There are 2 protein chains.
Amino acid sequence: MQLHVHARVTRLNPDRLFGQVAHRLAVAIITGTSPTGALLPNEDDLKDEISVSRTAYREAVKFLSGKGLVEARPKSGTRVAPREAWNLLDPDVLAWHFEADPNEKFIRDLFELRLFVEPSAARLAAQRRSDADLERIEAAFRGMVENPPYAEPTVSADLAFHEAIFAATRNPPLQCLAPAVSATIQWSLFLKAPDDQFFFTASLIDHERVLEAIVRRDGDLAAARMSGLVIDSLNSTLRLLAGRTQPEAARNA
Amino acid sequence: MQLHVHARVTRLNPDRLFGQVAHRLAVAIITGTSPTGALLPNEDDLKDEISVSRTAYREAVKFLSGKGLVEARPKSGTRVAPREAWNLLDPDVLAWHFEADPNEKFIRDLFELRLFVEPSAARLAAQRRSDADLERIEAAFRGMVENPPYAEPTVSADLAFHEAIFAATRNPPLQCLAPAVSATIQWSLFLKAPDDQFFFTASLIDHERVLEAIVRRDGDLAAARMSGLVIDSLNSTLRLLAGRTQPEAARNA
DNA sequence: TCGCGGATAAAGTCATACGATAGAAACAGG
DNA sequence: CCTGTTTCTATCGTATGACTTTATCCGCGA
């Protein structure tokens, strides 16, 4: 997949060696290359395999264990934790998913979560926003309008729009869901054909309507319009997901 | 505060040394003893202070950095990250909050999040539950009825009830919010006067009504009743939070 | 005043050694 | 033959010291 999204809130420093090891292990776990319960390469064996010291390796494992991806116990070894233990809402875990093939179920689940949370967030944002919050949201929207569709700055502006809405809720725990929403958006944009002008325009209108409701401080309206936005995005993404498998089948025929 | 809740899903092994260090640092950070931007004890100095090797200390820091609590950079040192970077929905981070004094704003925020998410989860659970899911939810409810109010098994059963509902949604990312809901419940139970028989009975009825809706596979009803449950819980918790500061003020008068 | 560059302090990495523990295997007793 | 116990050993956990890398700081020179 190799989609390299600008993971802003990511905690892993890719420059450091332990970070590279952690990344490597994480991707292997998430893609399923290392299945649940599998022993990770023995700490001693590993240094032969990728020539890294135990120190770096162990720090990588500690990093991953904090996210529930692995579980280390003396003697029994370090094993891949069951998926139920993974913190799927962790920004790093979400980002690592981009290096695996798109998992339709996962993307649907994320959209479902988003559909529950984001309209409520928009309601709060409309009710609680400061002028500075509004300015931030508007700036993001301008960024979406003034840049070419699906270009990098446009995507960033889209993410910033939604993130700014979360920020305006003034609810820190709720804001922790912003990365999940960002990931969902990035999945949908990634899957999208870059020439889908129609969808882009529709999305822009959806965003504008949400913005307007927030300007008017109309919470219920903002929530309703955000629902509409998410549903539109979901529908077009589902079409694209269906389309991804379609050509394969046709090609085989 | 010293409330020692059974943090089931916690990733930190308290038996190991690095785990104790991580715990210690985390609590200092969350309580604000180490304010944002504060340098953590220098890796070399630290070994004098708490007599632990750099290895254990560094692994603790790696664990915390994965949750966004700290940020380490060469030369500048390891610093406490700003609160916006913290992953407040991480099970460990939530658990560590129990060792700080109750923060009313934080508890309200958690309730707010819960109010957005849990009714929707109940709806999905009602629609998608298997018989096994239902059995699990019912078992938890029985656990609440058959044990004395506010006793440890009762609390566990309460948490299990809500967790089972999340499990029945069959949405793994959504399930990652279960720890946040559990934390909210534990806060409210912790604050509660243990002899508040009235609230306990009311809560039991709320739970029973949710359960019944799930039995009937009535999603809308389940959502509505879960909303009622959360709101009831929120209201009584807010009364208790107000009561906590009230006596102080009265005492000072 | 500004920019460059070296000194420096702190984290990052490595190698090695030893301790602790939980599985596994060997063994003894029924 | 089965079961419980002991011993063994592989593996993680911890400690230590040395070296490397990086970014900040500060002073020098243009």
Side-chain angles (χ1 to χ4, degrees), chain A residues 10-26 28-29 34-82 85 92, chain B residues 10-26 28-29 34-82 85 92:
Chain A
T10 242
R11 274 91 195 221
L12 199 57
N13 188 340
D15 296 338
R16 303 267 81 83
L17 187 50
F18 92 90
Q20 295 166 26
V21 175
H23 182 270
R24 208 178 130 149
L25 293 174
I29 291 170
S34 305
T36 295
L39 257 71
L40 262 59
N42 181 303
E43 290 188 353
D44 290 330
D45 301 349
L46 185 117
K47 58 188 291 186
D48 300 337
E49 188 185 333
I50 57 178
S51 63
V52 71
S53 74
R54 255 186 91 199
T55 308
Y57 171 76
R58 282 182 55 79
E59 291 183 3
V61 166
K62 282 291 165 295
F63 192 86
L64 298 184
S65 78
K67 299 172 187 303
L69 292 189
V70 302
E71 207 168 350
R73 287 215 308 270
K75 168 63 186 176
S76 57
T78 305
R79 292 174 178 278
V80 177
D92 291 305
Chain B
T10 242
R11 274 89 197 224
L12 200 56
N13 188 341
D15 297 337
R16 301 270 84 81
L17 187 49
F18 91 87
Q20 296 167 26
V21 175
H23 182 270
R24 211 179 128 149
L25 292 174
I29 291 170
S34 304
T36 295
L39 257 71
L40 263 61
N42 182 306
E43 290 188 351
D44 290 329
D45 302 349
L46 186 120
K47 58 187 294 185
D48 301 336
E49 188 185 332
I50 56 178
S51 63
V52 69
S53 75
R54 256 187 89 199
T55 309
Y57 171 75
R58 282 182 55 79
E59 291 184 3
V61 166
K62 282 291 164 293
F63 191 86
L64 298 184
S65 78
K67 299 171 187 304
L69 292 188
V70 301
E71 208 168 349
R73 287 216 309 270
K75 169 67 182 178
S76 53
T78 304
R79 293 173 177 280
V80 177
D92 291 305

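We name chains A, B, ... by the order of the sequence lines, and we start the count at 1 in each one. What you see is a predicted model; the values in this text were computed from it and never measured.
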> In whole Å, what is the span from the CD atom of A/Glu59 to the P atom of D/dC12?
Replying inline: 16 Å
> Within this structure, what is the CD-to-P distance between B/Glu71 and C/dA10, rounded to whole angstrom?
Replying inline: 18 Å
> A/Glu71 and A/Ala81: which non-hydrogen atoms are nearest, and at how many Å?
Replying inline: OE1-CB, 4.2 Å
>> Does a side-chain N or O of B/Arg58 approach OP1 or OP2 of C/dA11 to a distance below 4.0 Å, or not?
In response: no
>> Tell me which one of B/Leu69, B/Asp92, B/Leu25 satisfies side-chain contact (heavy atoms from CB on, under 4.5 Å) with B/Phe63.
In response: B/Asp92
Check nucleotides 21-24 of chain D against the protein and report each pair of N or O atoms closer than 3.5 Å, with its distance, or say if there are none.
residue : atom : partner : partner atom : Å
D/dT24  : OP1  : B/Arg73 : NH2          : 3.0

> Given D/dA15, D/dC12, C/dA15, which nucleotide is nearest the side-chain atoms of A/Ser53?
Replying inline: C/dA15
Sequence neighbours excluded and cut-off under 3.5 Å, please list the side-chain donor-acceptor pairs for residues 13-22 of chain A, or say none.
residue : atom : partner : partner atom : Å
A/Asn13 : OD1  : A/Asp15 : N            : 2.9
A/Gln20 : NE2  : A/Pro14 : O            : 3.3

>> How many whole angstroms separate atom NZ of A/Lys62 from atom P of C/dG12?
In response: 16 Å
> Within the pair B/Thr78 and C/dA11, is there a side-chain N or O less than 4.0 Å away from OP1 or OP2?
Replying inline: yes
> Which whole-number value in Å describes the distance from B/Phe18 CZ to D/dC12 C1'?
Replying inline: 11 Å
>> Both A/Ala72 and A/Thr55 contact DNA chain D. Which one's nearest nucleotide lies toward the 5' end?
In response: A/Ala72
>> Looking at every non-hydrogen atom in both residues, tell me the closest pair between A/Val61 and A/Val70 and how far apart they are.
In response: O-CG2, 3.8 Å
> For the pair made of CZ in A/Arg79 and P in C/dA22, what is the distance, rounded to whole Å?
Replying inline: 15 Å
> Residues two or more places apart in sequence or in another chain: which of them pass side chain to side chain donor-acceptor pair (under 3.5 Å) with B/Lys62?
Replying inline: none
> What residues, two or more places apart in sequence or in another chain, satisfy side-chain contact (heavy atoms from CB on, under 4.5 Å) together with B/Ala72?
Replying inline: B/Thr78
> Is there a donor and acceptor pair, one atom on the side chain of B/Arg54 and one on the base of D/dG17, closer than 3.5 Å?
Replying inline: no
